[in-house]
Amino acid sequence: MPHWVYLVAAAVAWEAGKPLVIEEVEVAPPQKNEIRLKILFTALCHTDVYFWEAKGQTPLFPRIFGHEAGGVVESVGEGVTDLQPGDHVLPVFTGECKECPHCKSEESNMCDLLRINTDRGVMINDEKSRFSVNGKPIYHFLGTSTFSEYTVVHVGCVAKINSAAPLEKVCVLSCGISTGLGATINVAKPKKGQSIAVFGLGAVGLGAVTGARIAGASRIIGVDMNPSRLEEARKFGCTEFVNPKDHKKPVQQVIAEMTNGGVDRSVECTGSVQAMISAFECVHDGWGVAVLVGVPNKDDEFKTHPINFLTERTLKGTFFGNFKPRSDIPNVVEKYMKNELDLQLEKFITHSVPFSEINKAFDYMLKGEGLRCIIRMEG
Ligand code: NAD
Ligand code: ZN
């Protein structure tokens, strides 16, 4: 059983919206059912930015953000039997205990024990943090906190993957791309030849576009307010584009007119409640299905007329694209390696910076430049 404390470099967010500071952080050993990971590559997802900005979200500082990553198990705590030092893993923000009714259900990935909790900043085992600076505890984020050379996570929050998989690429499967891909193929489930609208063309939305292409959707309509994203989306398979700013009418009406009454499916990947409403209202009556993926503000309310449901439209939502992290993600990685999924992860990776320049990744995302920025922990 490991009992030594590590002193490592970690990017600490001391205050909302202020640049992260690389500090020497003490990382405690893993406790019962926990593992300590050496992070090799991590990427920035918009969910990190929302909680770092803390506008419309519960502020919790100081905190170590980061949840999209790939790493190697350094040591395991008591009771951990299915992982050992050296295993390659992807940490995941929503876990799988494998024992609760959700984990046993084929339909759910909302584990009772380890489901996403954005307001918790401590480990569930003892409600304490494993990080500290000069004795002052630093909060965790999403149970992963990957902006650190080493981190401690619950064993149910990692997917063990093939050690031959290139971690510098497959790390993006630990959140954004899997979320978008799963939102389409597992939740929206377009049939071959159907039409789909994807709101928000960041990495999550383009993961959803990729899913639509794999499912054989005929028309893939990308919706974004950033014109550079619309151009980029063509490379991922978008066939048509709508920029809501180019129209006086509500975007749902524009889409309904383009598609003779509405799209068969829609997936929202923006976090804007207005886009969520549009994504629901643009699906065809009688059979249309809309799926919400974006993380809303704490006080957002979704408002639509009930007649939109009576006329047989369906609204769904999902975390992590309905994938069970431990059971499903190793297979997604396998399929990527065998080229069975036309995933082309390199297209999502538009930037790469050493850990010392992590704040650049925030700048890129705030400016809407590129898709995913990989942060290399070893320079
Ligand atoms: P991103 O910032 O790279 O992309 C979001 C895109 O949405 C941007 O291109 C932006 O221009 C566009 N957008 C914003 N408001 C819009 C509007 N009203 N209409 C049309 N387009 C609009 O972010 P990302 O990393 O791809 O994440 C997308 C969303 O998914 C975020 O809300 C993130 O928090 C969320 N997310 C959810 C899950 C989940 O499991 N449900 C997982 C990961 C990320
Ligand atoms: Zn994410």
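When the side chains of ILVMFWY residues are joined at heavy-atom separations under 4.5 Å, either directly or via intervening members, Ile124 and Ile138 end up in two distinct hydrophobic clusters. No chain of hydrophobic side-chain contacts below 4.5 Å, direct or via other Ile, Leu, Val, Met, Phe, Trp or Tyr residues, connects Leu113 to Val122. Linking ILVMFWY side-chain heavy atoms closer than 4.5 Å, directly or via other members, places Met276 and Val267 in two distinct hydrophobic clusters.
Stacking of Arg376 on the aromatic ring of Phe355 is not recorded, the 6.0 Å distance cut-off and the 45° axial limit not both being met. Judged by a 6.0 Å distance limit and a 45° cone about the ring axis, Lys347 is positioned over the six-membered ring of Phe236.
Counting only distance, with no hydrogens or angles, the side chain of Arg130 and the backbone of Val153 share no donor-acceptor pair below 3.5 Å. The main-chain N or O of Lys38 is never found under 3.5 Å from a side-chain atom of Thr151 such that the two would form a donor-acceptor pair. The main-chain N or O of Pro19 is never found under 3.5 Å from a side-chain atom of Asn359 such that the two would form a donor-acceptor pair.
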Candidate pair Tyr336 and Lys169, rule side chain to side chain contact (heavy atoms under 4.5 Å, CB included), full reasoning
CA-CA 10 Å; Tyr336 163 71; Lys169 289 185 191 166; 3.5 Å; yes
Hey, mind stepping through Phe309 and Phe280 against ring-ring contact (aromatic ring centres under 6.0 Å, His included) and telling me if it holds?
CA-CA 10 Å; Phe309 289 99; Phe280 175 56; 4.6 Å; yes
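Here Glu240 pairs with Arg219 in a salt bridge; the nearest charged N to carboxylate O distance falls below 4.0 Å.
In Tyr139, the OH atom is not crowded: 12 or fewer heavy atoms of neighbouring residues, nucleotides or ligands sit closer than 6.0 Å. Enclosure of atom NZ in Lys98 by more than 12 non-hydrogen atoms of other residues, nucleotides or ligands within 6.0 angstrom is indicated. Environment of CG in Asn260: sparse, with no more than 12 heavy atoms of neighbouring residues, nucleotides or ligands closer than 6.0 Å.
Using a 30° and 60° split on the angle between ring planes, Phe320 and Phe323 fall in the perpendicular class, above 60°. Using bins of under 30°, 30° to 60° and over 60° for the plane-to-plane angle, the ring pair Phe362/Phe147 lands in the perpendicular bin.
Minimum interatomic distance between Ala208 and Val198 (heavy atoms only, all atoms of both residues): CB-CG1, 4.1 Å.
Think of Met258 as one node in a network of Ile, Leu, Val, Met, Phe, Trp and Tyr side chains linked at under 4.5 Å; its network also takes in Phe199, Ile221, Val223, Val242, Val251, Val254, Ile255, Val263, Val283.
In this structure, the side chains of Glu281 and Arg313 stay at 4.5 Å or more apart for every pair of heavy atoms.
Counting only residues at least two apart or on different chains, the salt bridge (charged side-chain N to carboxylate O under 4.0 Å, His left out) pairs with a member in residues 192-214 are Arg213-Asp342.
When only modelled atom types and interatomic distance are considered, His88 and Ser163 share no side-chain donor-acceptor pair under 3.5 Å.
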